[in-house]
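Reviewing the structure listed below.
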Amino acid sequence: MEEKEYDVAILGAGPGGYPTAIKLAQNGKKVALIEAKDIGGTCLNRGCIPTKTLIANAEVLHHVKAAHEYGIVAKDVKIDFGYMTKQKDEIVHKLQKSLEGLVRANRIDLFCGFGKFTSPNTLKVIGKDNALIRANSIVIATGSEPKEIPAFAFDGKYIHSSTSILQLERLPKKMAIVGGGVIGCEFASLYAELGVEVSLIEALDRLLPLECETLSNFLTKSFQKRGIHLQIGALVSQIQKNEGGISVLLKDGKKIDADLALVAIGRSLNIADIGLEKAGVVTDKGMIPVDECMQTNVAGIYAIGDITAKAMYAHVATHQGFVAASHILNEEERLHMDYDAIPGVIFTHPEIGTVGMNLEQALKRGYSAKRASYPLSALGKAQAAKETEGFAQVVIDTETGQILGAQIVGADASSLISCMTYAIANELTIECITDTIHAHPTLAESWMEASFIARGIPLHFPPVVKKS
Ligand code: NAI
């Protein structure tokens, strides 16, 4: 087997691994990037990009269905699902090709195969490429897979994971979705828009149990209005196959029949079978603990992305990779992770954007905090665009005025949350927001309006009348 020497080897070419490789290569390091499946990882091939392509199609359909509200007559609207899925695959393929080109342009050596530690500084790659790679530093960025449990094992036909559901060739009439977390809610929203009768089943007492209650409640009402059948506080104990479909059995004895089921109950981290024991890397409850430089217990071995179980977002993995690279490069001004300024976006309709703490979290952490919300319906731009569903809210430290968190539901929440991400990452106060000139008419004005309310001097909102 061919033996090769590198400064850094990176295991996994997802949104954690490949940006880390680029940063290191741009700073003169000789880098090996090892990938068992497709370059781009879950995000590009089985996650963010294919799902957001389908969601973008559903969003167009949503507007076409509402065309009459804009004085436009759209008759005989039909869905060509085959075209949608083909176009999704083409977009993924195009991005894969450009990513491969980017890796080559940065003179990174890409190895296609499954990599495994054979010692703390050696990885054996088996697959299309076979090699023994020796490196001074190794970054583990192996990501995660949909969690599978025996009671409803995936079969890719009737019981789907978030990966296999992307290969559906035609739309079912009825779909049952197990798990009302981020993935369950995004798919429920997508398929309901495409005309599928969706039942969404969540074991805990609300949708999106990890988000604040105001967001959960808003999405629940919005989903109910759109005809999504919600079973909240309902534990799925089994999924049975029957003639032509499935029955989802709930613990309380209820049964939901559908053509197929999507199971989205979390993700399992890819840390088995990569020879961590040969490297001496310690794991804890299925994840890899890391220090503030993303270094594991073994000097020179780093872990980034989902396997660190910090926050399962592509953008977190990327930044963690930059932090690890900064340490490997021994940069004078080291990058660090600010877990209090992580944006999160949920691509439901309406979209949800969050950053920093919600009110409950801020109070729990001992802040004297309060929350101020502004309804999008009060904005001129929202009225003009007929995008009035939703609200923007800020959570502030009442002692200093510092913005601790922000949440938004509504059109383009995914982009709008970045305004508050800059604010929180730079420790701005609400005065900074109200003193900034916001372009009019825009949905971004909702941040300024919510901040005026937080200061007790609302602008386009009735003042609070003090009782005498
Ligand atoms: P999740 O942990 O967010 O939600 C899973 C839900 O399933 C939980 O609410 C849980 O209570 C429920 N559940 C578990 N067992 C159940 C049962 N037997 N019956 C009924 N309900 C049950 O996991 P999810 O949605 O699979 O997402 C995985 C990760 O991927 C998350 O960390 C998420 O942040 C990330 N992700 C992020 C996206 C984004 O940023 N837009 C998109 C997709 C995934």
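We count ligands from 1, going down the list as the structure has it; atoms in each ligand are counted the same way.
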Could you pull out all donor-acceptor pairs under 3.5 Å where a side-chain atom in residues 255-265 meets a protein atom, sequence neighbours excluded?
from   : atom 1 : to     : atom 2 : distance (Å)
Asp257 : OD1    : Ser247 : OG     : 2.6
Asp259 : OD2    : Lys173 : N      : 2.7
Asp259 : OD2    : Lys174 : N      : 2.9

Pick out the protein N or O atoms lying less than 3.5 Å from any N or O of ligand 1, and list each pair with its distance.
from     : atom 1 : to     : atom 2 : distance (Å)
ligand 1 : 9 (O)  : Glu202 : OE1    : 2.7
ligand 1 : 9 (O)  : Glu202 : OE2    : 3.1
ligand 1 : 11 (O) : Glu202 : OE2    : 2.6
ligand 1 : 18 (N) : Val236 : O      : 3.1
ligand 1 : 19 (N) : Val236 : N      : 3.0
ligand 1 : 21 (N) : Ala203 : N      : 3.1
ligand 1 : 23 (O) : Gly266 : N      : 3.3
ligand 1 : 25 (O) : Val182 : N      : 3.3
ligand 1 : 25 (O) : Ile183 : N      : 2.9
ligand 1 : 26 (O) : Gly266 : N      : 2.9
ligand 1 : 40 (O) : Val345 : O      : 3.3
ligand 1 : 41 (N) : Glu186 : OE2    : 2.9
ligand 1 : 41 (N) : Val345 : O      : 2.7

Please determine whether ring-ring contact (aromatic ring centres under 6.0 Å, His included) holds for the pair Tyr302 and His327, giving the CA-CA distance in whole Å, both sets of side-chain angles, and the decisive distance to 0.1 Å.
CA-CA 10 Å; Tyr302 300 77; His327 192 254; 5.7 Å; yes
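Of the possible donor and acceptor atoms, none in the side chain of Glu35 sits under 3.5 Å from a partner among the backbone N and O of Gly12.
If you check the side chains of Ser414 and Glu351, you find a donor sitting under 3.5 Å from an acceptor.
For Glu445, the side-chain hydrogen bond (donor to acceptor under 3.5 Å, both in side chains) partners two or more places apart in sequence, or in a different chain, are His440.
Among pairs with a residue in residues 149-172, those fulfilling salt bridge (charged side-chain N to carboxylate O under 4.0 Å, His left out) read Asp155-Lys241, at least two apart in sequence or across chains.
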